[in-house]
Amino acid sequence: MKIKRILKRGIFTVLALGILGLLVVLGIVIYYAHDLPEMKTLADYHPKEASYVYSQDGEIMAVFATERRTAIDIRELPPHVIKAFLAAEDAKFYEHEGLNYTAIIRAFIKNMLGSHQGASTITQQTVKTMVVGPERSMRRKIREAILSKRLEDMLEKDDILHLYLNQIYFGNGAYGIEEASRLYFNCQAKDLTIKEAALLASIPKHPSRYNVLSDAEATDKRHKWVLGQMAANGFITAKEAEEAGAAKISHKGLLAEGNYPTFKEEVPGAYYVETARRLVESKLGAEALYEGGLKIYTVMDSEYQRSADAAFRGGLEKFTKTRGFSGPLWRIEVDQYEKGLANLHQVYNNHLIRWKTFYLPPPERLNKPVWDLSELTAADVAVPANIWAKMGLRPLRVGSTYAALITTVDAKANKALVDLGGATGTIAMKGLEWAKNGAKSIGQILSQGDVVQVKVLKHEFRKEKPEAFNLKDSLVPTTAKALKEVEILELELVPRPKANGALISMEPQRGWVKAMVGGYAASGSGFNRATQAKRQPGSTFKPIVYTAALRERLITPATLCPDTPVVFRDKYTGKDWRPENFEDGKYDGDIRYRVALAKSKNICSVKLVEQVGPEKVIETAELMGITSKLPENLTISLGTGEIAPLELVTAYSTIAAQGNRPKPIFVRKVTDKESKVLFEEEVELEPALEPEVAYIITSMMQSVVEEGTARAAKVLEREIAGKTGTTNGSRSVWFGGFIPDLATVIYVGYDDNKTLGRASGSSVPLPIWIEYMKPLLPKIPASTFVRPETIETAQIDPESGKLAVAGNERWIDEVFLPGTVPTEYASAGTGDIYADDEPYEEDGAGGSGNEQAPYMLPDDE
């Protein structure tokens with residue numbers, strides 16, 4: 001009986017403990033499993049996805065993301081990609097129910113014996129990534145195990161694998177297999193080879209180490225182990241594993257373009273992209289922008305944008321050359337030179353090791369990586385970690401600029417040897433003409449250790465002896481010696497401009513901003529001068545003044561203006577003002593207003609405002625898209641009001657669009673990851689001017705190009721209308737020009753508004769405009785400005801502006817608004833005003849006020 005009681009008590013105790021244990025386990029489950037996301041189907045999966053910015057022609061211009069991820073359907077993946085991850089992480093994935101107990105026991109025993117082995121299944125890793133996080137604790141392990149069982153109950157195996165491959169981190173900012181494929185191999189995940197799949201499957205175990213951009217040796221060893229596991233589990237054959245391990249990665253053509261995974265290439269349109277980012281964030285919020293997987297479709301044309309970037313940067317560099325050489329960007333001092341040079345090359349070589357282990361070499365020798373030292377300082381060269389963080393690797397391309405190191409100055413050959421890391425080039429004295437400033441030899445300009453900005457003029461390989469270079473044999477690259485050929489890399493010293501400015505280009509009929517440059521810097525961050533800078537436009541504002549007068553029917557292109565010295569009593573300020581014509585103070589007497597605009601005569605512009613009134617000019621400006629506050633006095637005639645380039649290009653586009661003001665558009669449409677349209681910008685054209693007025697002012701602005709201050713633009717051989725502008729003291733210089741299908745405004749000036757020195761609208765921004773347009777015009781069909789049927793034409797005498805009489809051989813055709821053709825005839829025998837005009841090369845600036853004037857007045861052409 002006693003034994004029975006003991007047995008009963010034992011059984012009761014065991015049952016009680018069991019029930020208690022179950023309650024404890026149940027409590028633990030309830031406590032730790034309360035926050036698993038409810039996912040009954042994959043439709044409930046909403047990962048953070050990257051947003052992409054596209055140009056109008058379909059190029060990806062930027063990616064915005066907190067986690068750079070693009071979710072894909074894993075059913076699109078080939079079997080070997082799936083099996084690579086199963087082999088690396090969980091070969092029994094389709095056999096267990098979330099936990100692999102055999103693997104857990106095996107790992108426990110090995111860990112007790114001193115070695116380390118994990119036992120997490122793909123399901124557990126998915127839970128860790130999505131819910132519990134990487135915390136190393138028993139609490140996390142318990143939650144992970146509990147939630148893994150629940151996830152297996154909620155979803156099918158393929159759905160869990162879908163979550164895993166889209167959620168997992170692959171290092172270097174890439175989340176999910178699609179972004180990892182793009183980052184490391186420049187392809188979509190569905191196009192991965194066996195080797196590439198094994199390399200990606202190697203990463204989740206240790207993302208910061210097992211990737212081709214971090215530790216090449218460890219990654220090589222790890223991915224070969226994955227290939228072995230694929231063969232051991234029957235996923236591929238042993239031969240396939242061996243061949244994949246020995247293969248090099250073709251990189252899907254990326255290397256053929258001279259790009260490498262480590263490159264810090266300059267992105268075109270950085271200011272444009274930043275404008276799009278701000279716009280989308282203001283409308284949809286930061287969370288949608290950085291996590292919503294948006295597709296942002298801009299109206300930027302990547303070809304226009306690249307041409308704008310190149311023309312603007314090149315124009316600023318050319319202008320800066322006229323100011324002389326101000327010295328290197330920075331320099332490595334003599335006592336630090338040898339060590340600093342060694343550190344630079346060590347870091348550069350470590351960068352190259354990242355891709356040399358896996359990637360095929362460039363198909364051509366010209367496509368090689370070189371360094372860019374522009375972000376470094378003299379102090380950085382002593383610290384390899386700083387060099388690693390700041391050294392940029394970029395493809396070597398003719399026409400591109402780089403910050404490179406002067407290693408040798410050869411006084412005998414009058415050349416300097418320049419080290420670009422992966423190449424060695426030379427700067428000849430002829431490439432330093434602008435920087436000589438009286439120097440007789442190259443050694444008086446450059447020194448060993450100088451870091452300077454250089455542009456590649458020529459890059460080729462030639463079969464010739466190294467001695468032909470007249471440089472020390474030791475300075476010729478070893479590869480060139482072995483091949484018995486010499487690498488010819490000719491460089492030019494180019495300055496880093498301190499002047500800045502903007503370029504903005506708009507399609508008038510739709511308001512689409514095709515290209516925008518907000519400054520010289522390639523980063524695009526910070527101050528965008530195209531949209532935010534407020535500067536005096538000088539004479540580029542005069543077409544608006546003339547338009548106001550045309551609207552009021554106060555003038556025609558043939559109306560005479562007395563271009564004579566005059567003192568104005570400005571009734572709006574109560575001050576006397578004596579404006580002058582620019583540069584030489586010349587006055588041409590009675591000239592037609594068409595000629596006055598072409599020559600940019602200040603006196604005539606002031607007289608127009610005196611007649612029409614500042615309020616009418618302001619009204620016209622607002623109709624044409626000027627939103628900034630303008631001065632309500634006579635100085636508005638010379639562009640003293642401060643406006644942004646975006647406003648002026650809108651005004652010029654209004655003229656080009658037959659008087660219809662376009663709404664500026666940067667972003668055409670934004671969709672979410674399901675392609676649902678979140679917002680869309682519609683083209684809006686607001687009638688602002690009579691088409692006849694727009695045509696007349698266009699015709700007058702064509703004369704600026706044909707025979708006035710913008711004559712250099714005639715080289716383009718197109719119908720062009722435009723206007724130059726130079727403000728007081730040449731603090732800002734402008735050019736705005738348009739063809740029927742494209743309007744562009746450019747200004748150049750120092751940010752602190754100091755004088756540019758001897759500079760004008762025709763000498764600085766106009767050449768930039770020409771260089772911007774040259775590569776684009778072959779792709780833009782030639783067209784003419786639309787002429788309204790109501791426009792009238794008459795033959796006039798060019799000197800008097802009156803109707804030409806019979807026998808006047810110097811008559812010209814002139815266009816008029818309906819009902820404004822002159823009624824008087826000129827006297828017989830009058831001559832042409834152009835007969836005795838002296839040619840002039842620059843637009844001017846003049847119009848500085850007398851000492852009594854209380855405001856800064858712009859000089860002008």
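The structure presented is a predicted model; accordingly, all values stated were derived computationally and were not measured.
- Legend: residues meeting side chain to side chain contact (heavy atoms under 4.5 Å, CB included) with S400, ordered by chain and number and at least two apart, are R394, R397, Y402.
- When each of R222, R209, K224, K221 is checked for a side chain to side chain contact (heavy atoms under 4.5 Å, CB included) with S202, only R222 meets the rule.
- I203 CD1 to T219 OG1: the interatomic distance, rounded to the nearest 0.5 Å, is 7.0 Å.
- Relative ring orientation between Y175 and Y169 is described as tilted, the plane-to-plane angle lying within the 30° to 60° band.
- Note that the CD atom of Q532 and the OH atom of Y271 stand 10.0 Å from one another [nearest 0.5 Å].
- A donor-acceptor distance shorter than 3.5 angstrom exists from the side chain of Q444 to the backbone of S441, with no hydrogens or angles considered.
- Screening residues 425-452 for ring pair (Phe, Tyr, Trp, His ring centres under 6.0 Å) gives F325-W434 as the qualifying pairs, with residues at least two apart or on separate chains.
- For E492 (side chain) and V456 (main-chain N/O), no donor-acceptor pair under 3.5 Å exists by modelled atom type.
- Applying the side-chain hydrogen bond (donor to acceptor under 3.5 Å, both in side chains) rule to Y54 yields no partners; only residues at least two apart in sequence or on another chain are considered.
- Listed for the Y520 side chain is no donor-acceptor partner under 3.5 Å among the backbone atoms of L316.
- Under a 3.5 Å cut-off, the side chain of Q346 and the backbone N or O of A342 do not form any donor-acceptor pair.
- A salt bridge links R277 with E274: the closest approach of a Lys/Arg side-chain nitrogen to an acidic carboxylate oxygen falls below 4.0 angstrom.
- No donor-acceptor pair under 3.5 Å is formed between the side chain of Q336 and the backbone N or O of E333.
- Judged by distance alone, the side chains of E179 and T70 do bring a donor and an acceptor atom under 3.5 Å apart.
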